[in-house]
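The structure appears right after this line, and notes come after that.
All values reported here derive from a predicted model rather than from experimental measurement. When a ligand or atom number is given, it counts from 1 through the structure's own listing order.
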Amino acid sequence: MKKIILGIESSCDETSASIIEGRGNSSVKILSNIISSQVDIHRKYGGVVPEVASRAHVKFINIVMNKAFRRANKKIEDLSAIAVTCGPGLAGSLVVGLSAAKIMSKILKKPLICVNHLEGHIYANFIEQNYEIKFPAIVLVASGGHTQILKMDGHHNYKILGNTKDDACGEAFDKVARVLGLDYPGGPQIEKFAQKGNDKKYTFPRFGLAGETIRNKEGFLEKVGPSLDFSFSGLKTAVLLEVKKNKRIDKADVAASFQEAVIDVLVKKTIWAAERVGAKSIMISGGVSANKKLVRVLRDNSEKNKIDFYSPRTDLSTDNAAMIAIVGYFRFIKKKKLGKVSINPNLKL
Ligand code: KG4
Ligand code: ZN
């Protein structure tokens, strides 16, 4: 039996609505995935302004929903359920999507499914794999708000193995871009500049790769690590100091060397985790997975280790509602606990 799901995403600065059609356990087709990006609105502030984001969501939510139905050639009566991002994200942004979803669900008397935004990013990988990724899997989540290494023993089953102690990886891209005077969002700008630069010009710090020496409970020095946790604040500061030293620095060299340091850390830790748990698959997810070099290096290293590698289609790597609808669909057909229907800006996996 075909099921039609409306997905709604408004956790940060993208207002998005999508219609997907699912059939059975393994076939999902995206009929529409409309994204209204606020990048141009926030660019002049150099980052997302929550109050401005929330107002823009209010302005665009009905427009993207109408467009999603038109593009998919579906009517509201065709819906089987509505899936919406409940968190993590900005409270004032999340509440706009949830209000729209609640109204639809009430009018149509159809189930409302709360979806974790990060789970959406992860499941963006499944769309072309027919839901058939082998477990255990290691997932690298690298977005503007999160950097985590997760172990998945099965669908919807997550264990956090590593987390960032400070900035998220996408946030580091954005901050370094600002230091270099590049536009927001910084990730794509750094990637563009890095293509023309020398990635070996600067050796920026790589947190937790080499084993660190700590004093143990008995007072003896002991080597620990490498660690699966991340820290990007030292890297960001190192870039800032280098730029301050030289006003006429070559931005391309800095961008390339910074990107290299990030890729080195993300790839080595992900592979290390995968080896430790005997992973059969590695997945990358979140906005930073739009970075082509990162994906290439992680794919090469996964293949070298004979582990299947998956990355989302480019159009599904950054925030979009299709990934939310996909999670909603699988939760719906598996009659998984549909979750509490309220926003949670700090929602955990
Ligand atoms: O997942 P996402 O779209 O939003 C959040 O959930 O946070 O991620 C946005 C982040 C931004 O920090 C952006 O700079 C980064 O993803 N990003 C990239 C690239 N494209 C987007 N970072 C590196 N390289 C890219 N090509
Ligand atoms: Zn995201």
Would you call [X] and [Y] a salt bridge, using N to O less than 4.0 angstrom?
X	Y	value
Lys293	Asp199	yes
Asp153	Lys159	no
Lys200	Glu260	no

N/O/S atom of His121 inside 2.8 Å of the Zn ion (ligand 2), strictly under: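 Yes.
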
Minimum-distance pair of heavy atoms, taken over all atoms of Ser342 and Cys114: N-SG, 4.0 Å

Closest non-hydrogen atom pair, Glu242 against Ile249: O-CD1, 3.7 Å

Establish, from distance only, whether the side-chain atoms of [X] and [Y] form a donor-acceptor pair under 3.5 Å.
X	Y	result
Asp166	Ser231	yes
His146	Asn163	no
Ser11	Glu9	yes

[X]-ligand 1 polar pair, N/O distance under 3.5 Å:
X	answer
Gly170	yes
Gly187	yes
Thr318	no
Gly287	yes
Ser317	no

Aromatic ring proximity Phe173/Phe258, centre distance under 6.0 Å: yes

Contact atoms of ligand 1, heavy-atom distance to Gly145 under 4.0 Å: 7 (O)

Axial cation check for Phe230 ring with Lys269, 6.0 Å and 45° limits: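 Yes, Lys269 and Phe230 form such a contact.
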
[atom]: nearest protein contact (heavy atom, Å):
atom	answer
atom 6 (O) of ligand 1	His117 NE2, 3.1 Å
atom 24 (N) of ligand 1	Asn291 ND2, 3.1 Å
atom 2 (P) of ligand 1	Asp319 OD1, 3.3 Å
atom 9 (C) of ligand 1	Gly144 N, 3.7 Å
atom 26 (N) of ligand 1	Glu191 OE1, 2.8 Å
atom 14 (O) of ligand 1	Asp174 OD1, 2.7 Å

Asp319 atom (N/O/S) at minimal separation from the Zn ion (ligand 2):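 Relative to the Zn ion (ligand 2), the closest nitrogen, oxygen or sulfur of Asp319 carries the name OD1.
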
Whether His121 lies under 4.0 Å from ligand 1, heavy atom: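 Distance cut 4.0 Å: His121 passes for ligand 1.
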
Close approach, Pro188 and ligand 1, non-hydrogen under 4.0 angstrom: yes

